[in-house]
Structures are given as C-alpha cells and as structure tokens.
Asker: 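Okay, here's the structure, questions in a sec.
Residue numbering restarts at 1 for every chain, and letters A, B, ... go by the order of the sequence lines.
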Number of protein chains: 2
Amino acid sequence: MKMNFKIKKNYDIKRLNDYIATHGLKSSKKRQFIIGYFLKQDSHISAEELYNQIKNKIPGIGYSTVYRTLKLLAECGLAIPQYFEKRLVRFEPIHKKEHHDHLICIECGKIIEFTCGEIEKMQETIAQRYKFHIKNHKLEIYGLCLNCAKRRRE
Amino acid sequence: MKMNFKIKKNYDIKRLNDYIATHGLKSSKKRQFIIGYFLKQDSHISAEELYNQIKNKIPGIGYSTVYRTLKLLAECGLAIPQYFEKRLVRFEPIHKKEHHDHLICIECGKIIEFTCGEIEKMQETIAQRYKFHIKNHKLEIYGLCLNCAKRRRE
DNA sequence: CTCATTGCAAACGATTTGCATACCG
DNA sequence: CGGTATGCAAATCGTTTGCAATGAG
C-alpha cells in the first residue's frame, strides 16, 4: 500500500489529531489514506463513490471502514453530511475556499454556477435573527435557461 | 369511516382530478381522506407521522397506501418531497401561499422556516444576469441551532 | 498487553413491490 | 366485468453493528 499522500491543511490535520487525542482513539494507515483522499476532493462524495475510488488503492478495504471514517470526519467537523437525494448521504469536505450556488435548467439540465456575496450576507443576517450558526448552505434555483425559454416561446 | 372532510382549494382538487383523469387512475375514499388530511397540514410531514395520525381514522389502513398516496401527490405537484434528514423523506403541501426557506440544524435536525424578500430579489438579479427564467428555488442553510451550538462549546 | 480498528456478514429501517383481494366506474 | 387501489408480507438498499481477528502504542 502506497502512502505517498499528505494532508495539506494544518487546520485539517490538527483538528483530526485533536479529536483522536481527546477521544482516546488510535490512528491507522488505512484511515489516514481515506481521509487524505477525501480531503483532496472538491465536491460532495457518497460513501459508495469513495469506496469505489479507493478500493483498488487499499487492498481488502471494506465498506464499513469507509462509513466509519466518514462518520469520524463528520464528528470532528471536517466533513458535512448533505442529504440531497433520497436515502443517500453525501459528504462535503469543509476546507473549500469558495462557495458557489446553482442555477438549474429544468428543461435541458444545464447547470450554471454562480456566487453572490449579497445573498451570503443576507443569510448571515437571518441566521443571527434565529441565533443559528451557519456551517454551510445550498441554494438551487430551478427554471429555464435562455435557450430553453426561447424554444418554449416558439 | 367518517367522510366529513373537504378539500378546500379548488386548485388542489382540480390538479388532482386532472392527474387522475389523464393517467387512467380511479378515485377511492381512503386516498381522498389521506389527501384531504395531508393538505390541511401546514408543515412537512413524514409518511410515518401521517400514517400514525390517520390510522385510527381509517380502519385497517396500511403503510403502503400512505406511501403510494404521497408519491401520487408528489407526481401531480401537490406535495414536495424534502430530504432534510438522513434516510427520511418529508412531504410539504404546496398550497401554502408564501414561499419559505429553511435553516436546518445538523446536530438535532430541527428545522426553522424563514422568508426573506431581499434574497428573493437578489436571486432575480442573478437570474437576469444569466438570462435565466426562475420557476422555483430551494435555499437550505445548514448549521447549528442555539442549543446545539451551546452544547458543543461545553 | 490493552484497546482501537477492520472486514465480514448479519441487522436495521425507511421505502418499495409482488400478489391476492377489495373496490370503482 | 376490466382494471385500479389496497393490505400484507417480503424485498430493497444505503447504512450500521456484532464479532473475531488484526494492528497500534
């Protein structure tokens, strides 16, 4: 098993080690590899996808280890579980620099990414009103893109 | 079985009947009762909650009927399935006048509804920038509610 | 040596589905 | 009647868990 990866963010590794230390856990090569792989990810990933992507890199790895590792990451705050779809949990690494949202065309499926500082600010305002501590958000705008709107008018 | 309910919204009943007519379906008292009960609801409800609330009102009703009815409502657009929690689907009746978004606690699962005209306006601005025609949107803010944030600090 | 981690198979639990029966038009 | 709706039990399927074996400190 190759171990030539590295967890780049000191923040990440510190947080993980703190958690391991304060909870009487031990470290393991398999787990470290999974975590390193997961944190390199720049989008949501499901346990199954993660498992499939690493199973040939870690001989004999089992599903349960992947699940348990993701659970650990969620507990120490390095991954955020997202419930987009029915019965499937996706995990998002929290270290991503820039958040973006989506315009989704209900006709052709095209997805346009955008960012909007104003909206993020408004969200903070709302969160304060409810004494809510934001970790993450998801804004999806559904509708028709230019082409599809045009096509419908014809 | 008492049948003293009434589906209040013409819109709702028309939409449902249209769907039934155009899909070669039939009507049934049990289904109508469930739908009437569901549409009176003013918040998300899960299949299990719905089942528990009506099982003593409709003798011998089964889970599958509740599930199938909710599926039907989702198909004809009278209910929107929401995936807030792990592995549990909640259905929201769409007849509510005002659109609202959600603050969702990732610790205890509490859901706070809010509305924000500012954000809706900003969305329009963004849509215009991309020549996008909005039909609908979903904004979910994930994080910690007051209690859970407090508990974590302890 | 002691306890945490892991792989496997079995268990879970919300949802779906196959099938025989009840119901609607 | 012909076909849909229903209840029940069994099947699904992502996820969790019990247990014996392995690994870390």
Asker: In whole angstroms, how far is the P atom of D:dT15 from the CD atom of A:Gln82?
Answerer: 14 Å
Asker: Is it true that, when you exclude B:Lys138 itself, more than 12 heavy atoms of the residues, nucleotides or ligands shown sit nearer than 6.0 Å to its NZ?
Answerer: yes
Asker: Using five pairs at each end of the helix from C:dC1-D:dG25 to C:dG25-D:dC1 to define an axis, what is the angle between those two axes, to 10°?
Answerer: 30°
Asker: Given that B:Lys26 and B:Ser46 both sit by DNA chain C, which one's nearest nucleotide is further toward the 5' end?
Answerer: B:Ser46
Asker: With hydrophobic residues grouped by side-chain heavy-atom distances under 4.5 Å, do B:Leu88 and B:Phe84 end up in a single group?
Answerer: no
Asker: Could you state the atom-to-atom distance from OH of A:Tyr51 to C1' of C:dG7 in whole Å?
Answerer: 10 Å
Asker: For D:dG7, take OP1 and OP2 only and decide whether either is under 4.0 Å from a side-chain N or O of B:Lys30.
Answerer: yes
Asker: In residues 60-70 of chain B, what donor-acceptor pairs under 3.5 Å come from side-chain atoms, sequence neighbours left out?
Answerer:
from, atom 1, to, atom 2, distance (Å)
B:Thr69, OG1, B:Thr65, O, 2.7

Asker: Determine: side-chain N/O of A:Lys29 to OP1/OP2 of D:dA24, distance under 4.0 Å, yes or no.
Answerer: no
Asker: Which nucleotide sits closest to the side chain of B:Arg31: D:dT15, C:dT6, D:dA5?
Answerer: D:dA5
Asker: Name the one of B:Ile104, B:Ile141, B:Leu103 that satisfies side chain to side chain contact (heavy atoms under 4.5 Å, CB included) with B:Ile112?
Answerer: B:Leu103
Asker: Using modelled atom types and a 3.5 Å cut-off, is there a donor and acceptor pairing between side-chain atoms of A:Glu49 and backbone atoms of A:Ser46?
Answerer: yes
Asker: For a quick test of reading the model: is some side-chain N or O of A:Ser64 closer than 4.0 Å to OP1 or OP2 of D:dT16?
Answerer: no
Asker: Which of parallel (below 30°), tilted (30 to 60°) and perpendicular (above 60°) describes B:His100 and B:His102?
Answerer: perpendicular
Asker: Does B:Ser28 or B:Phe91 map to a spot on DNA chain C nearer the 5' end, using the closest nucleotide for each?
Answerer: B:Phe91
Asker: Taking 4.0 Å as the cut-off, does a side-chain nitrogen or oxygen of A:Arg87 come that near to OP1 or OP2 on D:dC13?
Answerer: no
Asker: Enumerate the residues from residues 66-74 of chain A whose closest heavy atom to DNA chain C is under 4.0 Å, giving them by residue number; use none for an empty result.
Answerer: A:Arg68
Asker: Are A:Glu92 and A:Asn136 side-chain neighbours, meaning at least one heavy-atom pair lies under 4.5 Å?
Answerer: yes
